[in-house]
Chemist: 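Take a look at the following structure, please.
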Amino acid sequence: MYIAASRTSDLAAGTDRKPALKRVSANVVALGMVSLVTDVSSEMVTAVLPLYLVLGLGLNPLQFGLLDGLYAGATALVRVAGGHLADRWRRLKAVAGFGYGLSAVCKLGLVAAGSSVAAIGVVLAADRTGKGLRTAPRDALISLSSTPDALGRSFGVHRALDTVGAFLGPLVAMAVLALSLGSYTSVFFTSFCVAAIAVLLLALFVKDHPGGVDRAAVSLRMTANLLKQSGFRRVTLWAAVLGLVTVGDSFVYLVLQRRWEIAATFFPLLPLGTAGVYLVLAVPLGKLADRVGRWPVFLGGHGALCLALVLLCGPQAGIWLAVVALGLHGVFYAATDGVLMAAAGPLIPRDLRATGMAVVQTGQAVARMLSSVLFGLAWTLWDLRPAVLAAAACLALVALAAAYAKPVRP
Amino acid sequence: VKKLVLALLGTVLLIAAAVVYTVSARHGTAAAEPAAQLTLSPGQLLFRDTATGRVGTLSQEKRQLSGLKCDRFAVAKQTAVCLAVRPGTLPAVTDVLVLDDHLAVRHTEALPGTPSRARVSPDGKRVYWTLFVTGDSYSQTGFSTRAGLYEVDTGRLVKTIEELPVFVDGRRYFAADVNYWGITFAPDGNRFYATLGSKGKTYLVEADYQRYRGKTLRENVECPSLSPDATRIAFKKKTGEGVWRLSVLDLKTMQETELAEQRSVDDQALWQDDHTVLYGLDNAVWAVPADGSGAPRELARNAASPAVTG
């Protein structure tokens with residue numbers, strides 16, 4: 001325990017001057033491939049689920065929206081549980097694998113659930129649980145498989161691969177629908193097969209990091225103590241506060257659509273625009289974060305979002321304004337999503353890596369949910385532009401404060 | 001090397017399983033019995049057969065199915081409308097098919113969204129519809145609705161009536177989240193009603209098509225359907241989250257009458273005549289008296305989207 005902890009703190013302090021690996025470790029690439037294939041599977045379902053529920057089953061769409069929001073909240077808590085168990089049992093790979101497996105089986109569950117709305121609800125809840133369980137152990141594995149000075153690059157590679165999967169998913173779903181003449185169960189079954197491939201890849205190619213301590217060492221108390229450690233606590237706190245003033249994706253797209261009157265047919269392409277930029281910039285910005293510091297890049301990403309919001313309120317005339325705004329939104333993702341994990345990783349002892357990452361992610365996720373509610377309220381009360389400008393102003397203020405606070409030493 | 005072989009083998013097997021499943025589903029959905037030739041001759045009850053998705057009718061207790069596949073179907077006079085989702089489109093695209101009295105396609109419009117409601121004006125000169133559009137609302141999986149219409153004679157298309165200037169309590173209403181659904185036209189082909197949803201409230205809007213403006217009459221009236229004599233509106237009244245009660249509003253007295261159907265109905269009602277209202281519920285088409293008396297009666301099993309020729 002002593003050796004592991006002291007080594008970690010050495011690494012965190014940046015005293016370890018090993019030459020940087022030119023390329024990311026094979027384990028990170030393997031995890032990236034698992035995420036890619038899994039994302040193909042899950043995005044297939046996400047793409048057809050609303051259609052299936054409303055057209056196939058005659059469910060009221062508004063009810064579905066309510067249901068969905070509820071699940072998003074529940075996963076936040078499951079995530080911490082997944083991280084804690086993975087650390088406690090010293091089995092990051094097994095817990096992540098269970099999460100991937102559970103989500104895979106749920107795709108078959110959708111086939112089996114048939115037209116029972118209650119059964120579909122249960123299956124969807126289990127699916128989200130699987131997603132919640134696997135996230136933190138997977139990110140912990142990525143961080144433990146990389147040298148500390150290449151963390152940004154590693155997370156960049158992983159997130160880029162992940163995004164490729166998100167691109168392919170809807171395309172595969174379309175192909176299956178076309179081939180099966182509109183059979184939704186075919187989409188679910190294919191999604192299961194794809195998810196099973198991902199689990200197979202995980203089992204065969206991902207290496208676990210067992211660590212050097214006995215099981216009893218990781219207790220709930222240690223998890224609580226984690227928050228007493230000032231560096232970690234400050235990152236968690238600042239990530240959450242920034243999350244609170246971050247305008248959610250769907251709002252950004254909605255503002256774009258409202259102000260530029262983008263035809264509904266093109267509307268679903270907007271997230272692809274963000275994802276495209278994210279895909280291209282994830283690795284370069286990760287590398288940049290390794291060089292100039294992760295916190296500045298993380299805050300820079302929020303700056304990009306702030307700029308995007310201001311542009312969205314600008315003159316409607318130039319369509320290029322909309323394109324630039326969308327690009328900046330992609331920059332925001334590339335500079336924040338993986339980079340935050342890279343920033344937080346070294347601050348967490350190896351034995352508690354999964355738990356710690358889950359705590360940071362959960363704090364951010366809960367804050368963003370709250371921000372969605374607040375922004376929705378502001379929109380309704382003040383109308384679109386005032387709400388967006390207010391959000392941009394809050395974001396700028398908090399980002400400046402966070403730059404001043406510098407919770408992560410370079 | 002052994003791992004690579006295992007991975008490849010597993011991947012190939014799983015992909016093969018997916019392909020086999022998908023292709024066999026194709027045969028399941030494609031299997032079709034010979035289609036009957038239906039026309040819009042008066043006095044028929046047409047509906048969507050939910051097992052096949054095809055438009056059919058009952059003739060001497062025997063079900064006759066046409067070759068036409070629709071998710072929503074409606075008729076009036078010599079005009080019919082069929083809303084059908086194009087298979088394999090993501091995001092969904094709906095074909096709005098305008099049909100003549102032999103159910104032959106006169107005109108097609110492809111619009112984004114999935115079918116919700118469809119109707120033809122009593123004079124047969126306009127068809128109108130409501131589509132669910134994904135991703136338009138701020139909860140990511142949320143839907144919004146878009147109601148549009150097509151003039152059969154002139155070929156004019158109104159993709160959405162969202163721009164209709166509308167007055168609430170005499171004041172022009174502006175909001176970013178205006179949504180319309182469930183249009184119904186009067187026999188004069190000019191006056192129409194629709195549901196306006198905004199900021200968590202729903203209103204019954206009465207509008208003038210020529211002058212293109214409308215005003216709200218009442219709250220909490222969804223999916224209006226005007227009676228053939230144009231004196232009453234059948235609608236669904238929200239009584240809880242996702243629960244609606246079928247009711248009739250008298251436009252002269254503004255009195256509401258709850259109908260005998262106790263279950264929650266999420267459909268735009270259809271007047272069979274001035275005394276009876278039809279609707280789809282639990283995979284069947286039902287009829288209930290329009291004055292609140294009597295009890296619901298099942299007209300056809302495995303059926304939805306009723307349409308009455310006259």
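Within every chain, numbering begins at 1; the chains are lettered A, B, ... in the order of the sequence lines, protein sequences first and strands thereafter.
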Chemist: Report which part of A:Leu179 has an atom under 4.5 Å of a heavy atom belonging to chain B: side chain, backbone, both, or neither.
Modeler: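 The answer is both parts of A:Leu179.
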Chemist: Measuring heavy-atom distances to chain B, does A:Val199 have an atom under 4.5 Å in its side chain, in its backbone, in both, or in neither?
Modeler: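 Nothing of A:Val199, per the 4.5 Å heavy-atom cut-off to chain B.
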Chemist: Below 4.5 Å, heavy atoms only, C-beta onward: do B:Leu4 and A:Phe205 meet side chain to side chain?
Modeler: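 SC-SC contact between B:Leu4 and A:Phe205 confirmed.
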Chemist: Going through the checks in order, is the side chain to side chain contact (heavy atoms under 4.5 Å, CB included) test met by A:Thr190 and B:Thr22?
Modeler: CA-CA 8 Å; A:Thr190 306; B:Thr22 303; 3.4 Å; yes
Chemist: If you draw a 6.0 Å radius around CZ in B:Arg171, do more than 12 non-hydrogen atoms from other residues or ligands fall strictly inside?
Modeler: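 For B:Arg171, atom CZ is not crowded (no more than 12 foreign heavy atoms under 6.0 Å).
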Chemist: Hey, are the side chains of B:Tyr21 and A:Val111 touching, using non-hydrogen atoms and a 4.5 Å cut-off?
Modeler: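 Counting from C-beta outward, B:Tyr21 and A:Val111 do come under 4.5 Å.
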Chemist: Can you tell me which portion of A:Thr185 sits under 4.5 Å from chain B's heavy atoms? Options are side chain, backbone, both or neither.
Modeler: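 Both backbone and side chain.
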Chemist: Who pairs with B:Phe235 by ring pair (Phe, Tyr, Trp, His ring centres under 6.0 Å), at least two apart in sequence or on another chain?
Modeler: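 Residues passing ring pair (Phe, Tyr, Trp, His ring centres under 6.0 Å) with B:Phe235: none at all.
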Chemist: B:Leu299: which residues meet the side-chain contact (heavy atoms from CB on, under 4.5 Å) condition with it, sequence neighbours left out?
Modeler: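 Checked B:Leu299 against side-chain contact (heavy atoms from CB on, under 4.5 Å); matches are B:Leu45, B:Leu278, B:Val285, B:Ala287, B:Arg297.
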Chemist: For the atom pair CZ (B:Arg86) and CG (A:Leu177), what is the distance rounded to the nearest 0.5 Å?
Modeler: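 So the gap between those two atoms works out to 14.5 Å.
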Chemist: Can you name the closest pair of heavy atoms from A:Leu201 and B:Ala7 and give their distance?
Modeler: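 Heavy atoms only, the tightest pair is CD2-CB, 4.3 Å.
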Chemist: Has A:Lys131 got more than 12 heavy atoms of other residues, nucleotides or ligands less than 6.0 Å from its NZ?
Modeler: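 Result for NZ/A:Lys131: open.
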Chemist: So for B:Leu111, is it side chain, backbone, both, or neither that comes closer than 4.5 Å to the heavy atoms of chain A?
Modeler: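 When you check distances to chain A, no heavy atom of B:Leu111 falls under 4.5 Å.
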